2 protein chains.
Amino acid sequence: MGKLVIVGTVAFDAIETPFGKTDKILGGAATFIGLSASNFNVDATLVSVVGGDFPQEYLDLLSNKNLDISGIEIVKEGKTFFWSGRYHNDMNTRDTLITELNTLADFKPVVPEDYKDAEVVMLGNLHPLVQSSILDQMKKRPKLTILDTMNFWMDNAWDDLINVIKRIDVITINDEEARQLTGEYSLVVAARKIHEMGPKYVVIKKGEHGALLFHNGEVFYAPALPLEEVFDPTGAGDTFAGGFAGYLAKTNDYSFDNMKNAVILGSTLASFCVEKFGTERMQNLTPREVEKRLLQFKQLTQFEIELT
Amino acid sequence: MGKLVIVGTVAFDAIETPFGKTDKILGGAATFIGLSASNFNVDATLVSVVGGDFPQEYLDLLSNKNLDISGIEIVKEGKTFFWSGRYHNDMNTRDTLITELNTLADFKPVVPEDYKDAEVVMLGNLHPLVQSSILDQMKKRPKLTILDTMNFWMDNAWDDLINVIKRIDVITINDEEARQLTGEYSLVVAARKIHEMGPKYVVIKKGEHGALLFHNGEVFYAPALPLEEVFDPTGAGDTFAGGFAGYLAKTNDYSFDNMKNAVILGSTLASFCVEKFGTERMQNLTPREVEKRLLQFKQLTQFEIELT
């Protein structure tokens, strides 16, 4: 088993979907990544920052999932990062209503000493310089560094983003972001251009249409489970990334074949995340439920053809 | 091996894509279905109509693929159905520029005597009454009837469409059509409603996002092969249907597990179709090329997870 460093936001979200709306609830990239990775009982730390307004109950919730929270800085006089958004009827697009950076504006992440030799580093969506500073703190090169990012940083911190992309092994971005990053419409061509920027592995997330894993001219496809309804997509991408990183850290096997398993497990976990608001579904997920759904993924994709 | 009846258009197409344009070339649903099914050396007949302007060379091309063309009526004084369309830059949407029904307007399909006991009937996109008349001519209930349709008939021949849908086993439609047919956005819910209309099997085609096969609460997913570029999508859906029907007729096994294989082979064949204009790529496809691409589909989707 490898150790896992997760950096990202631990935050308040307020979400509106066609099915209802929430007050401020637990959210943030590192939260979703951590909850997802915790399904593999991996030794993971969350590196983040919150304000004095952040409930102890939420911190306990993370601790109780065996996530190390010593890397979550608590700025007593500050306020926690807050995001609010409203999903459109198709659930594929959303408007951001509120973004309050608060303590995140001056976030200087510190990797706990015990985790500076971690095998896997998962850089959740944050300013690329913050992501870089995590890599700078590692005592040795991790076996695998994974980076998530979004179009905001392409618009506002291009050079910094390109610099951190050079340093990582796996990038996870969505289809539109892959197109923006490369100027290519074809995802196959976009993935090849991203390889040339540095990452040996490129994961392109297509939401309800699944995810593609590219490596060295090969491609693997993990579908999303077809669902009766998507209740709240918030955190699905981070949950995917957390499952991916968590499974790889647990198995300590970074081969392409094992990475295929990791994207399937990422999709499996993401399929739960969208069933309820925020982290609700992920808080009480059992190993039996995960196994059962993994079986559904097998039935969804596995076939036996004999051509004669 | 089962016999296969294919009904649909045999036509002229003129196509414009961002990569170029064609004059009038060979096209039509039955043409694409037949060429695709011919990869399984199945005993298939095409039931269609053309005008005196239809080149003997095109009829020979179909014959040379071991397709029976005795069911293609030639109306000497008439003209062949002609469709012209222009694809947008994303290749997912297109404008119809010209539709000349010509001989198709009075088409009364006649199933050749030798094929009235066929095991598989593939009803290509046509007026639902024409599709029904094929079923009326069969001497015994086929083991499998497959129907393709489109939104045009939902708008213009709703009752006739619902009546033929009641009589078939498998429907293949695209995602937007499934939504229009049922008024449901979720494809899982849409598939269930279509089951209730009659078909035990529902195939929903999602273009570059692959195809879903629904049956009895279960679902199987065949991705589309990620391609560097889609040169011309014309006929991809029919090629998918032809591979699906052809493989089932060849194996004469109509179980759900074998139907999974059939959608994979449908996707495999469709991935060739889009590589060149019209039927060009399908005319010279070799068994070796199909086998090689099937291997790519396996690499694209197959995984081995042991959860411990």
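What you see is a predicted model, and the numbers here were worked out from it, not measured in a lab. Naming convention: chains lettered A, B, ... in sequence-line order (proteins, then strands); numbering from 1 in each chain.
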Say you draw a straight line from [atom1] of [X] to [atom2] of [Y]; how long is it, rounded to the nearest 0.5 Å?
{"X": "A/Phe303", "Y": "B/Phe220", "atom1": "CZ", "atom2": "CZ", "value": "6.0 Å"}
{"X": "B/Asp257", "Y": "A/Gln299", "atom1": "CG", "atom2": "CD", "value": "9.5 Å"}
{"X": "A/Glu218", "Y": "B/Gln296", "atom1": "CD", "atom2": "CD", "value": "10.0 Å"}
{"X": "A/Leu300", "Y": "B/Leu212", "atom1": "CG", "atom2": "CG", "value": "7.5 Å"}
{"X": "B/Leu265", "Y": "A/Ile305", "atom1": "CG", "atom2": "CD1", "value": "4.0 Å"}

Okay, B/Leu227 and chain A: the region with an atom under 4.5 Å from a heavy atom over there is backbone
B/Lys206 versus chain A, heavy atoms under 4.5 Å apart: side chain, backbone, both or neither? side chain
[atom1]/[X]: more than 12 non-hydrogen atoms of other groups inside 6.0 Å:
{"X": "B/Glu289", "atom1": "CD", "value": "yes"}
{"X": "B/Asn64", "atom1": "CG", "value": "yes"}
{"X": "A/Glu304", "atom1": "CD", "value": "no"}

Could you name the residues of residues 180-191 of chain B that have a heavy atom within less than 4.5 Å of a heavy atom in chain A? B/Tyr185, B/Ser186, B/Val188, B/Val189
At a heavy-atom distance under 4.5 Å, which candidate from A/Glu228, A/Glu208, A/Gln302 has the highest pair count against chain B? A/Gln302
